[in-house]
Amino acid sequence: MSKISDDAQAILNYVGGPDNVNSLVHCVTRLRFEYNQKVAKDKLLALPCVISVVNSGGQEQVVIGTKVADYYDVIQQLLANQRTTAKPKTAKHSTFSLTKVISGAFMPLLSVMAGAGMVKALLTVLASTHLLSTTSTPYLVLSAAGNAIFYFLPIFVGITLAKEFKADPFVGGALGAALLEPSFTGLIGKHGLNLFGMPLDPIDYSTTVFPIFIIIGAYILLDQLLKKIIPQQLQIFLNSMISLIILVPATVLIFGPFGNTVGNWISTIIMWLFSKSRLVAGLVLGAAYSFLTVLGLHWGLVPITLQNLKMYGGDVIGGVGVCAVWAQIGVALGTFLYSLFKNKDAKLKGLSGSITITGIFAGVTEPILYGLIMPSKRLIIITAIAGGIGGAINASLHVMVKSFLIDNIFSIIMMMYKPIGFMILGSGIALITAAVLTYFWGFESQKQK
C-alpha cells in the first residue's frame with residue numbers, strides 16, 4: 001500500500017497540489033480532476049502507475065487502470081489533510097460540456113447498472129433452461145433486484161445530474177420519483193384528463209432518461225434563481241417546496257412529454273439509418289466506437305441505448321459496439337503473442353498479458369486503449385479496421401444487446417445478445433483480425449513497445 005501512497009502523492013503534486021484541485025471523482029479506470037491551473041502532464045505520464053493523461057470536458061483524466069479506486073481513496077485523504085484553503089478557487093475553464101454532463105450522470109451508476117444487467121441475464125438463462133419458473137417467488141424477488149435500477153432510472157439520474165450541477169441531489173431525485181409515484185402512474189392509460197385547464201397525457205416514464213435531463217435542466221435554472229431572491233435562512237424548505245410545486249406540474253404537462261418525444265425521435269433516426277444501410281452504419285460506428293471513448297463521446301450513446309432498449313427490446317448500437325471492445329482485446333492479445341514469440345520483451349509481455357485478461361473477464365479496455373493503441377498509429381488503424389469489419393457483420397446480421405451491460409466473456413456466457421451466434425461470429429472476427437494484424441504488422445521493429 002506504501003507504493004500506492006507514494007504514487008498517489010506524486011499524482012497530487014503533479015496536478016498542482018491540493019489547492020489546485022476543485023473536485024475529484026473516478027470511473028472504472030480514470031481519476032477525473034477539475035483544476036484551476038495547468039497540470040504537469042509530462043511528469044504524470046512518467047509515473048509507472050499512470051497509463052495515460054487525457055483532457056476532456058474540462059477535466060484532466062489520469063488513466064490508472066483497475067486499481068483506480070485505491071488511488072482515489074488515498075488522494076481524497078491527502079486532499080483532506082493537506083488542503084490549506086477553506087474552499088478551492090473557482091475553475092477558470094468551467095465551460096459547459098454535454099459529454100461531461102452525460103458522463104457525470106451515468107458514471108456513478110455504471111457499476112450497479114452493469115451488475116443489474118447481469119442479474120437479468122442470469123434470470124433469462126435460468127428461465128430458458130427451465131431451472132426457474134418465471135412465476136416462482138425466487139424469480140420474482142431476483143427480478144426485482146435486476147429491474148429496480150432501470151425502472152427507477154429517472155430517480156437515480158435526477159440525483160446524479162443535480163449533484164453534477166451542485167444543486168440539491170435529493171430534490172433532483174424527488175422530481176424523478178414524482179413521475180413514478182403510484183398516484184401519477186395510476187393515471188396512465190386514462191383519457192380526457194386535464195391539469196389547470198390544460199390537457200394531460202400521462203406517460204410511462206420508467207426506464208427513460210431524456211425527460212429527466214430536461215427536467216433537471218429546468219430545476220438547475222430555477223434553483224439558481226431561488227438562491228438569489230430567497231433569504232438563506234428560508235432556503236432550507238422554500239427552495240425545495242417551490243421547485244416541486246412548479247416543476248412537477250410543468251414536467252407532466254410540458255417537459256416530460258417533450259423529452260420523451262425527443263428520445264423517441266433520436267432512437268427512430270438511429271434505427272432508420274441502420275434500416276437504410278446496416279452494412280455502412282455498422283462499419284462506420286464499429287470503426288469509430290473505440291475512439292469515442294478517448295473523447296468522452298461514448299457517454300452520449302448511453303441515453304440512446306436505454307431508449308432503444310425501452311422501445312424495441314434491444315439496441316443495435318450495443319450490438320455494433322461490442323465488436324470495437326473485442327477488437328481492442330484482439331490488439332492486446334496480438335501484442336502479447338508478438339512479445340512472446342518475436343521480440344521476447346518481458347515488460348511488454350507482462351503488460352499486454354495482464355490487460356488482455358482484464359479485457360476478457362472484466363470488459364475494461366481503457367488500459368489497452370491508452371497503454372497500447374493510442375501511442376501507435378499502426379495499432380489505431382488496426383483497431384479501426386477490426387472494429388469496422390466486426391461492426392459491419394453484426395449490423396448486417398441484426399445483432400442487438402438485450403440489456404445494459406459491460407461487454408466481456410460473462411456477457412456472452414449469459415447470452416445477453418441476440419442472435420448470440422451471429423454476435424460471436426462478428427466479435428470473433430474482430431478479435432482475430434486485430435490479433436493477426438497486430439502480430440504481423442502492428443510493430444515497426446522489435447524494439448518498439
Side-chain angles (χ1 to χ4, degrees), residues 21-28 30-34 57-59 69 72-73 76 79-80 87-88 90-91 94 96-116 148-181 184 205-230 232-252 255-256 259 296 299-300 302-303 306 404:
V21 178
N22 288 317
S23 68
L24 170 64
V25 295
H26 76 88
C27 58
V28 180
R30 311 183 199 187
L31 295 168
R32 297 171 177 254
F33 291 91
E34 289 189 7
Q59 294 177 329
Y72 172 81
D73 291 339
Q76 284 287 38
L79 286 171
K87 186 178 180 180
T90 301
S94 57
F96 176 81
S97 169
L98 181 60
T99 56
K100 178 186 172 185
V101 171
I102 296 175
S103 65
F106 287 104
M107 190 169 57
L109 306 175
L110 180 61
S111 176
V112 65
M113 289 174 70
I149 180 66
F150 299 104
Y151 182 86
F152 295 106
L153 198 56
I155 300 176
F156 292 100
V157 174
I159 293 172
T160 56
L161 265 180
K163 188 175 181 180
E164 179 71 16
F165 284 97
K166 308 297 187 294
D168 189 333
F170 299 106
V171 174
L175 290 170
L179 306 177
L180 304 172
E181 201 273 334
F184 176 74
Y205 291 104
S206 62
T207 75
T208 62
V209 288
F210 284 100
I212 196 65
F213 269 79
I214 297 174
I215 296 162
I216 297 301
Y219 165 57
I220 299 303
L221 297 176
L222 178 61
D223 184 61
Q224 292 173 350
L225 175 63
L226 294 176
K227 286 179 178 178
K228 293 179 180 179
I229 63 177
I230 295 179
Q232 188 171 7
Q233 60 269 29
L234 300 178
Q235 289 183 12
I236 189 170
F237 68 92
L238 275 182
N239 283 24
S240 57
M241 183 185 78
I242 294 173
S243 296
L244 292 170
I245 287 176
I246 293 177
L247 292 177
V248 172
T251 293
V252 299
F255 302 141
W299 290 106
V302 173
L306 295 173
F404 187 88

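These numbers were taken from a predicted model, which means no experiment stands behind them.
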Nearest non-hydrogen partners of Ala148 and Phe156, listed with the distance:
O-CE1, 4.4 Å
Atom CD of Gln232: over 12 foreign heavy atoms under 6.0 Å:
no
For Phe170, look at atom CZ and say whether over 12 heavy atoms of other residues, nucleotides or ligands are found less than 6.0 Å away.
no
For Ala167 against Ile220, the heavy-atom pair lying closest together:
CB-CD1, 3.6 Å
Are the side chains of Phe255 and Leu247 in touch, meaning some heavy atoms are under 4.5 Å apart?
yes
Could you measure the distance from the OH atom of Tyr219 to the CG atom of Leu244? Nearest 0.5 Å is fine.
8.5 Å
Approximate separation, where rounding is to 0.5 Å, of Phe165 CZ and Asp223 CG:
12.0 Å
Could you tell me the separation between the OG atom of Ser243 and the CD1 atom of Ile215, rounded to the nearest 0.5 Å?
13.0 Å
Heavy-atom nearest pair, Leu180 first then Pro154, reads CD1-CD, 4.2 Å
Show the nearest heavy-atom pair for residues Phe184 and Leu179, with the distance to one decimal.
CD2-O, 3.2 Å
How many angstroms lie between atom CD1 of Ile214 and atom OG1 of Thr251, to the nearest 0.5 angstrom?
9.5 Å
Testing the basics here: between Ala162 and Asp168, what is the closest heavy-atom pair and its distance to 0.1 Å?
CB-O, 3.6 Å
Residues Ile230, Ile242; criterion side-chain contact (heavy atoms from CB on, under 4.5 Å); working and verdict:
CA-CA 11 Å; Ile230 295 179; Ile242 294 173; 3.8 Å; yes
Spacing of Leu221 atom CG and Leu226 atom CG [to the nearest 0.5 Å]
11.0 Å
dist Ile246:CD1 -> Met241:CE (nearest 0.5 Å) comes out at 9.5 Å
Hey, does Val157 have a side-chain heavy atom less than 4.5 Å from the side chain of Ile216?
no
Heavy atoms of Asn239 and Lys227 approach each other most closely as ND2-CG, 3.7 Å
Take atom CD1 of Ile236 as the centre, draw a 6.0 Å sphere, and report whether it contains more than 12 heavy atoms from other residues, nucleotides or ligands.
no
